[in-house]
Amino acid sequence: MLLSPVILTVVIASLAYATPPNMAFSRLLPAAPALAAAMWPVLPTVLLGTVCLLLMIGLSIVFPGLGTWWTASGIIAVTVAAAYGSHVRLQRERTLFQVRLVADAAQQVVLSPMPRHLGGVEIESLYLAAAAEARIGGDFYEVVDTRYGVRLLIGDVRGKGLPAVGAAAAIVNSFREAAYGEADMVSIARRLDATSTRYNAAFPPEGPMERFATALLVEIPHGGRRIAILNCGHPPPLLLNRGELRVLEPTAPSPPLNLAELIGDHYSIDSYGFAPGDLLLLYTDGVAEARAHDGVFFPLASWMRRQPPAAPRELLTALHRDLLHYSQGRLDDDIAALAVRLREPIE
């Protein structure tokens with residue numbers, strides 16, 4: 001790819017030399033520096049334009065009457081414009097690189113590295129951005145080991161960009177404090193809602209739509225064989241037990257974060273059996289809403305049902321691969337997922 005301007009120059013010069021003068025392939029020489037501007041720095045672009053100019057002069061010696069001065073003027077004009085275009089492109093690439101550094105740093109605040117083992121619990125995480133140029137969004141997750149058990153959070157702030165990341169960071173930081181101090185998950189959910197409300201009051205969203213976040217709280221007691229789940233408008237987790245899949249829908253809805261004042265702060269906790277070897281998949285809506293080229297959503301439940309017994313890392317590796325294959329690499333939304341497994345006790 002980087003050599004394509006050189007290849008184009010050689011091809012045009014060869015055709016101009018090997019064909020009759022009236023075909024005038026030499027008039028295509030300005031295309032080479034124009035192409036170079038899209039991928040080369042300024043100096044190599046100017047050097048290629050100079051080579052094209054010398055080639056044109058050489059061809060005019062072999063084939064008089066080619067209209068050398070018109071073509072030479074075109075090469076000079078295109079080379080000057082290409083050099084300026086290359087300069088502007090490099091400036092924009094440097095700016096974009098700095099923006100990406102800031103975006104990555106902001107995302108790391110929300111998606112900090114997490115331990116893969118907490119007591120008898122194995123945990124693995126996955127995050128996929130919707131596009132390489134938009135590597136920042138409102139998906140978030142966190143896990144902490146407390147005296148009440150291992151507590152997990154996953155969620156998704158409505159919106160994109162730094163405002164969504166700011167809201168997600170506020171929620172995650174609040175969870176990191178509340179998970180250690182609050183004895184029950186309802187109190188944690190209320191603190192997260194209060195944090196989200198304060199953040200949105202301080203940094204109101206643009207436009208008429210209210211900024212809110214869906215969230216899922218999970219508690220795995222130490223040595224326990226059950227899990228507690230509080231679902232604040234989030235996609236239901238999937239539990240794979242010996243080849244049988246359960247979709248853990250909430251028995252009663254709980255309000256998304258920042259909407260409790262609007263629709264009521266009634267929270268519901270559900271409890272489920274969680275045996276050693278069971279796989280629990282928590283995910284954001286970008287997973288279930290990944291689309292094929294015909295617009296059909298990714299069949300997450302049936303995909304999960306077909307998975308063999310595996311470690312959390314293997315499960316998410318397969319999910320990563322199959323999501324990209326299903327969507328042909330075109331994700332419409334950011335994706336976050338946590339895979340959790342209770343290890344078999346050591347006898």
Quick check: do [X] and [Y] have side-chain heavy atoms less than 4.5 Å from each other?
{"X": "Leu217", "Y": "Phe175", "value": "yes"}
{"X": "Leu152", "Y": "Ile220", "value": "yes"}
{"X": "Arg158", "Y": "Pro256", "value": "no"}
{"X": "Pro253", "Y": "Tyr267", "value": "no"}
{"X": "Leu300", "Y": "Leu319", "value": "yes"}
{"X": "Val150", "Y": "Ile123", "value": "yes"}
{"X": "Pro276", "Y": "Leu342", "value": "yes"}
{"X": "Leu29", "Y": "Leu53", "value": "no"}

From [X] atom [atom1] to [Y] atom [atom2], the distance as rounded to the nearest 0.5 Å:
{"X": "Arg89", "Y": "Tyr84", "atom1": "CZ", "atom2": "OH", "value": "14.0 Å"}
{"X": "His222", "Y": "Arg147", "atom1": "NE2", "atom2": "CZ", "value": "11.0 Å"}
{"X": "Ile263", "Y": "Ser254", "atom1": "CD1", "atom2": "OG", "value": "9.0 Å"}
{"X": "Leu316", "Y": "Glu124", "atom1": "CG", "atom2": "CD", "value": "6.0 Å"}
{"X": "Leu126", "Y": "Leu282", "atom1": "CG", "atom2": "CG", "value": "12.5 Å"}
{"X": "Glu314", "Y": "Gln307", "atom1": "CD", "atom2": "CD", "value": "10.5 Å"}

Can you name the nearest heavy-atom pair linking [X] to [Y], along with the distance?
{"X": "Thr19", "Y": "Phe25", "answer": "OG1-CD1, 3.4 Å"}
{"X": "Val340", "Y": "Phe274", "answer": "O-CZ, 4.0 Å"}
{"X": "Ile188", "Y": "Ala179", "answer": "CD1-CA, 3.9 Å"}
{"X": "Ala83", "Y": "Val42", "answer": "O-CG2, 3.6 Å"}
{"X": "Ala228", "Y": "Ile269", "answer": "CB-CG2, 3.9 Å"}
{"X": "Cys232", "Y": "Pro255", "answer": "CB-O, 3.3 Å"}

Cluster overlap [X] with [Y], hydrophobic side-chain contacts below 4.5 Å:
{"X": "Leu2", "Y": "Val11", "value": "yes"}
{"X": "Met56", "Y": "Ile61", "value": "no"}
{"X": "Leu15", "Y": "Leu48", "value": "yes"}
{"X": "Ile76", "Y": "Val78", "value": "no"}
{"X": "Val46", "Y": "Met39", "value": "no"}

Derivation and outcome, side-chain contact (heavy atoms from CB on, under 4.5 Å), residues Val51 and Leu47: CA-CA 6 Å; Val51 170; Leu47 290 177; 5.6 Å; no
[X] [atom1]: over 12 foreign heavy atoms closer than 6.0 Å:
{"X": "Tyr180", "atom1": "OH", "value": "yes"}
{"X": "Tyr17", "atom1": "OH", "value": "no"}
{"X": "Glu244", "atom1": "CD", "value": "no"}
{"X": "Arg306", "atom1": "CZ", "value": "yes"}
{"X": "His293", "atom1": "NE2", "value": "no"}

Once salt bridge (Lys or Arg N to Asp or Glu O under 4.0 Å) is applied, what residue pairs with a partner in residues 259-283 remain, sequence neighbours excluded? Arg190-Asp265
side-chain hydrogen bond (donor to acceptor under 3.5 Å, both in side chains) with Ser271: which residues, sequence neighbours excluded? Arg226
Where the side chain of [X] meets the backbone of [Y], is there a donor-acceptor pair that is under 3.5 Å apart?
{"X": "Arg211", "Y": "Phe203", "value": "yes"}
{"X": "Thr284", "Y": "Ala336", "value": "yes"}
{"X": "Asp193", "Y": "Leu257", "value": "no"}
{"X": "Thr95", "Y": "Gln91", "value": "yes"}
{"X": "Ser60", "Y": "Ile57", "value": "yes"}
{"X": "His234", "Y": "Tyr283", "value": "yes"}

Please work out whether the ring planes of Phe298 and Trp303 are parallel, tilted or perpendicular, with thresholds of 30° and 60°. tilted
Pair Leu238, Leu280 - check side-chain contact (heavy atoms from CB on, under 4.5 Å), show working. CA-CA 6 Å; Leu238 303 178; Leu280 180 68; over 6 Å; no
Start with the C-alpha gap between Leu338 and Val143, add the side-chain angles, then the distance that decides, and say whether side-chain contact (heavy atoms from CB on, under 4.5 Å) holds. CA-CA 10 Å; Leu338 295 175; Val143 55; 5.7 Å; no
For Arg291 and Phe297: C-alpha separation, side-chain torsions, deciding distance, then whether side-chain contact (heavy atoms from CB on, under 4.5 Å) applies. CA-CA 5 Å; Arg291 296 174 183 262; Phe297 289 128; 3.3 Å; yes
Quick one: which residue pairs count as a side chain to side chain donor-acceptor pair (under 3.5 Å) with a foot in residues 31-57, not counting sequence neighbours? none
Which of these, Ser268, Pro236, Pro237, Pro250, sits in a side chain to side chain contact (heavy atoms under 4.5 Å, CB included) with Ile229? Pro237
